[in-house]
2 protein chains.
Amino acid sequence: MKIMRPLIHPSIEDITVEGILHALSDPVRVAIYAQLAGAPCTNICSNFQQISDRSIPKSTLSQHFRALREAGLVRSERRGVEMHNTSRCMEIEQRFPGLLPAILKAHGIQSADQARATRRKQTTARKRAG
Amino acid sequence: MKIMRPLIHPSIEDITVEGILHALSDPVRVAIYAQLAGAPCTNICSNFQQISDRSIPKSTLSQHFRALREAGLVRSERRGVEMHNTSRCMEIEQRFPGLLPAILKAHGIQSADQARATRRKQTTARKRAG
DNA sequence: ACTATAGTTCGCAACTTATGAACTATAGAA
DNA sequence: TTCTATAGTTCATAAGTTGCGAACTATAGT
């Protein structure tokens, strides 16, 4: 019987800008991180969670959380059978002031724009139909 | 004889946060972009340029510039035999205010830290030797 | 011990990236 | 105009990365 490898959390000095940008350059991962950072610092990773209108397989979600963790964005700990993930925003804010807020803000702007575009498209479709 | 495909520049609405983060999640590309944005908005892409203490093959450099261009970070135009690349920072600042400055600032902090660490290592080595 | 639930690991197919070799594009000289 | 040099692009391919189903580990509550 094989043992599971322990969770890896880089120390704050080992966190890189490239690592952060790469981790957040995936739409699913920014969405997860935005939720985590917004609500504010506690969330649970469950299987086939609805992230950005899409059902994600649990193995994929698990990999995404690993990516966030190993980039230093998130701290994960077991709470019984579940996983407890918290944003490491305070630490990162100290090392790279303003970086995460700027990314989250930009992400917010983009989501709002997309929502607006979708709404417009639906309205147009309804006009055409009616 | 084949013709070369024209340079692609996304329009400002088509630029995504994910695209920007992905483009800048590569150490060579942030280094290039930081130079471009810092000096301020003009630079030339030449073969085997020294970027961050490393000689990059020209085909690779060309792909990196393409990545920056197609993410919307850079505008490229031919100037005779050379390429003229300018940062699209103004446009992006309008769409995602504060995003690029925050990334460049974080990149600066990290570079400074790395330089400091390197210097310390050298000093230690000299002490050991002398 | 048995069952249910939550998440991880493995293996592989699909995708991406780096790079040398061959090519295109332009400028300037002969 | 043809020749040569320079700057950059494209192509092929090898190496690396990612997404996901199936099988597994870990924990809690019977």
Rounded to the nearest angstrom, tell me the gap between atom [atom1] in [X] and atom [atom2] in [N].
X: B:Glu77; N: D:dT9; atom1: CD; atom2: P; value: 13 Å
X: B:Met4; N: C:dT26; atom1: CE; atom2: P; value: 9 Å
X: A:Arg66; N: C:dT8; atom1: CZ; atom2: C1'; value: 9 Å
X: B:Arg78; N: C:dT24; atom1: CZ; atom2: P; value: 13 Å
X: B:His84; N: C:dA27; atom1: NE2; atom2: P; value: 15 Å

Compile the donor-acceptor pairs under 3.5 Å between side chains in residues 18-25 of chain A and protein atoms, sequence neighbours left out, one pair per line.
unit_1: A:Glu18; atom_1: OE1; unit_2: B:Gln110; atom_2: NE2; d: 2.8
unit_1: A:Ser25; atom_1: OG; unit_2: A:His22; atom_2: O; d: 2.8

By nearest atom, which of the nucleotides [options] is closest to the [X] side chain?
X: A:Lys58; options: C:dT8, D:dG19, D:dT9; answer: C:dT8
X: A:Glu82; options: C:dA18, C:dA6, D:dT9; answer: C:dA6
X: B:Pro57; options: D:dG19, D:dT27, C:dT19; answer: C:dT19

Return the [atom1] to [atom2] distance between [X] and [Y], rounded to the nearest 0.5 Å.
X: B:Leu7; Y: B:Glu70; atom1: CG; atom2: CD; value: 9.0 Å
X: A:Leu104; Y: A:Leu36; atom1: CG; atom2: CG; value: 10.5 Å
X: B:Arg95; Y: B:Ile15; atom1: CZ; atom2: CD1; value: 7.5 Å
X: A:Arg78; Y: A:His84; atom1: CZ; atom2: NE2; value: 14.0 Å

Between the protein and nucleotides 11-16 of chain D, which nitrogen or oxygen pairs are less than 3.5 angstrom apart?
none

Check: Does A:Val81 or A:Arg69 map to a spot on DNA chain C nearer the 5' end, using the closest nucleotide for each?
Finding: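 On the 5' side of the pair lies A:Val81.
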
Next item on the list: Give none if D:dT30 has no partner; otherwise give the nucleotide forming a Watson-Crick or G-U wobble pair with it, both distances under 3.5 Å.
Entry: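 Paired with D:dT30, as far as the under-3.5 Å criterion goes, is C:dA1.
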
Note to self: Evaluate A:Arg75 against A:His9 for side chain to side chain donor-acceptor pair (under 3.5 Å), listing each step before the verdict.
What the structure shows: CA-CA 7 Å; A:Arg75 193 175 294 284; A:His9 292 97; 4.5 Å; no

Notebook entry, point to check: Phosphate oxygens OP1/OP2 of C:dT16: is one of them under 4.0 Å from a side-chain N or O of B:His64?
Noted result: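 So the side-chain polar atoms of B:His64 never come under 4.0 Å of the phosphate oxygens OP1 or OP2 of C:dT16.
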
Note to self: Applying side-chain hydrogen bond (donor to acceptor under 3.5 Å, both in side chains), can you list everything that pairs with B:Ser76, at least two apart in sequence or on another chain?
What the structure shows: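 Expected list: B:Arg69, B:Asn85.
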
Item checked: First encountered from the 5' end of DNA chain D, between B:Arg5 and A:Asp26 ->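 Nearer the 5' end of the strand: B:Arg5.
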
